[in-house]
Amino acid sequence: MTGKVSRRGVSRISARFELRAKEGRKLLIPYFTAGDPKPENAVPMMHAMVKAGADLIELGVPFSDPMAEGPVIQKAMERALAFNVSLHDVMAMVAEFRQKDSETPVILMGYLNPVEVMGYTEFAKAASKAGVDGLLTVDIPPEEATDYVAAMKAEGIDRIFLISPTTSEQRIKLINDASAGFLYYVSLKGVTGAGHLDVKAVQDRVSMIRTLTELPVGVGFGIKDADSAASIASAADAVVVGSAIVKRIEENLDSADNGIKAVCELLSEMRAALDAS
Amino acid sequence: MAESETKYQQPNEKGHFGVYGGLFVAETLMGPLAELRIAYEKYMQDKDFLAELDWELQNYVGRPSPLYFAERWSKELGGAKIYLKREDLNHTGAHKINNTVGQALLAKRMGKTRIIAETGAGQHGVATATVAARLGLECVVYMGAVDIQRQAANVYRMKLLGAKVVPVTAGSATLKDALNEAMRDWVTNIDDTFYIIGTVAGPHPYPAMVRDFQTVIGREAREQILQHEGRLPDALIACVGGGSNAIGLFHPFLDDKDIAIYGVEAAGEGIETGKHAAPLCAGKPGILHGNRTYLVEDENGQIIETHSISAGLDYPGVGPEHAWLKDIGRAKYVAINDDEALQAFHDLTRIEGIIPALESSHALAYATKLAPTMDKEQIIIVNLSGRGDKDIHTVADIEGITL
């Protein structure tokens, strides 16, 4: 049940992109930090997100020094770290999620040090066993990732790398060669949750990226409501929503159920907007 | 040629010192870091740039700094002769300005109009605000809220110099968090902003570039000791937080294999208590702030809060070149605790009339252990990386004195 590839031999991530492409729909990819606000909320949150229209779940691995995060996700990581949520714990959450959901792809997003300390191969084996489909590590560029890519590839873990507004064409090719699953375009210069989204610029960049890759392209950073999700989706195969979700968790720290409800309302609106456009 | 005969040349073209160093940053910074590397490589070969840098170091910083024979202190310790490289006499009172002058001149050549920096003790922040004022550049300094408390005088100094000091409350609210926040600023404002990192850490080319701007310390010390003594020293000692003053002294001596090299980390309340800032002595390799190096971290790869009486050493990482020098055995890394550093602070002040920074006091404290084991003809150079005026409130506080 927890195998990482579908019956057709492609990864769960690729299968989901292919399915949605056939339907002419866009993927909705929500992010939240594993263990925020409490470790026991993670698996219920994941199932609720799927019900609300999520296609793929990006699960944040807490790290003490999240250099690319804005204040919203920084605080989420601090809340999770108050419970000492580790990379092992996050993989255990995915394994529990897989007991009831063998279809929805899950990627882990985080920073290199926890994976480095565990060891790339040990991580890849444990992740594969837990039913993790992909890994997005913010602070490893392909130039440093030879061993990392080989270890993930060996266990069928897709490598998702970021492409930014400052990435050169030459580097996009390099990133494409190291990637599997999809490419993730960061829609702005800055940290997660920043506010200045330029839709036209994103559309132009994504069109350019498409000339250099066969992989689907997701876009994230700065998408905060149904409207911005729909306008970005016009250029992309998937939209990633992070800080807007974490903000709703933060607004409901007194009740985890209300947090899940608030997140799902947002996702349902986004799902409807994506499917309508 | 045998490995042992090759001249020391690190890092490689990818910024690796053995397995350490490298470029571990978010994608948005890869382009700007490549731009920086190209500019740095170009201007370090450019005669006009190097002449301008020399002029600034002489006339603005006040170099060369003296190499002072601490005769009374050496006699008291009853062993090797101790020379102090007086970086405390530089403009702004520490070695930090050697690097900020260099990077600010580079920023100007690259057409950047805004300077950002992180600071721990405030020395690097002051040195950055100083050169930004001198060159008419906008300056923003990120500083941990805890450090702002400990170093109020330096905060005021930066403000007088026209810098904006931004308190960082995330995480442990110290140097590492200030560095995170400066990185976040840089990633957001890369078009007009130059990030002046204050130590030999961070992604390539920073560890090599900051080292190159700091090696003026070792180059001068080498000439000066030959003038004073007609020979090279037997040992070098410097404190290591990120490790820029240490690498600045050590680097020009690395090929002289007979010279013993000691980097002194902060043992805080004691290595055995876990409350320290000594990644080389008690940490493990990992990835933080753009490079692979030794870190103070837990078994899950989370960075642990460090402890030191000295804000400038209160950092969980260390420059990757030190990690490399440790592994190849060229330098030895030791640790000095808060009490030992305080004792050395008082000793030098009373015996030589020099108030050392608490950071430098760690190097001095190790000299008090090493010198008596050597004979009277032998020579130690200790890098007196900064002056202690900034620390008098901290010391008074610890000793229960209200100023």
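Numbered from 1 within each chain, the chains take letters A, B, ... in sequence-line order.
- With a 4.5 Å cut-off on non-hydrogen atoms, A:V85 touches chain B through its backbone but not through its side chain.
- Per-residue counts of heavy-atom pairs under 4.5 Å with chain A were compared for B:N189, B:L179, B:I190; the largest is that of B:I190.
- The shortest side-chain heavy-atom distance between A:E144 and B:H16 falls under the 4.5 Å cut-off.
- Within a 6.0 Å sphere centred on CD of B:E272, other residues, nucleotides and ligands contribute more than 12 heavy atoms.
- Using a 4.5 Å heavy-atom cutoff, the side chains of A:V117 and B:E299 are not in contact.
- Residue B:E27 holds its CD atom at 13.5 Å from OH of A:Y184, rounded to the nearest 0.5 Å.
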Problem - Trace of the side chain to side chain contact (heavy atoms under 4.5 Å, CB included) decision for B:I287 with A:Y111 - result: CA-CA 9 Å; B:I287 308 279; A:Y111 292 78; over 6 Å; no
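- The environment of B:Q149 atom CD is sparse: at most 12 non-hydrogen atoms of other residues, nucleotides or ligands sit within 6.0 angstrom.
- A side-chain contact (heavy atoms from CB on, under 4.5 Å) with B:F24 holds for exactly one of A:N113, A:V138, A:T137, A:L112; it is A:L112.
- Distance check, rounded to the nearest 0.5 Å: CE of B:M30 to OG1 of A:T166 gives 9.5 Å.
- The distance from atom CD of B:E297 to atom CG of A:D65, rounded to the nearest 0.5 Å, is 11.0 Å.
- With a threshold of 4.5 angstrom between heavy atoms, A:I163 approaches chain B through N, CA, C or O but not through any side-chain atom.
- With contacts defined as side-chain heavy-atom distances shorter than 4.5 Å, the pair B:N300/A:L87 does not qualify.
- Counted within 6.0 Å of NZ on B:K326, heavy atoms from surrounding residues, nucleotides or ligands total more than 12; the atom is thus considered enclosed.
- Residue B:I303 touches chain A through both its backbone and its side chain, counting heavy-atom pairs closer than 4.5 Å.
- Proximity to chain A involves both the backbone and the side chain of B:L23, based on heavy atoms less than 4.5 angstrom apart.
- For the pair B:R292 and A:E116, the minimum side-chain heavy-atom distance is below 4.5 Å.
- Proximity to chain A is limited to the side chain of B:L295, based on heavy atoms less than 4.5 angstrom apart.
- For chain B, the option among A:S64, A:A68, A:G70 with the highest count of heavy-atom pairs below 4.5 Å is A:S64.
- Contact annotation: the side chain of A:P66 approaches that of B:R184 to within less than 4.5 Å [non-hydrogen atoms, C-beta and beyond].
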Practice task
Check step by step if side chain to side chain contact (heavy atoms under 4.5 Å, CB included) holds for B:E181 and A:M67.
Solution key: CA-CA 7 Å; B:E181 205 53 41; A:M67 280 193 301; over 6 Å; no
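- Neither the backbone nor the side chain of A:S168 comes within contact range of chain B; no heavy atom of the residue lies under 4.5 Å from a heavy atom of that chain.
- Contact annotation for A:Q74: only side-chain heavy atoms (C-beta onward) come within less than 4.5 Å of a heavy atom of chain B.
- Around the NZ atom of B:K284, the shell of radius 6.0 Å holds more than 12 heavy atoms that belong to other residues, nucleotides or ligands.
- The shortest distance between side-chain heavy atoms of A:K189 and B:D191 falls below 4.5 Å.
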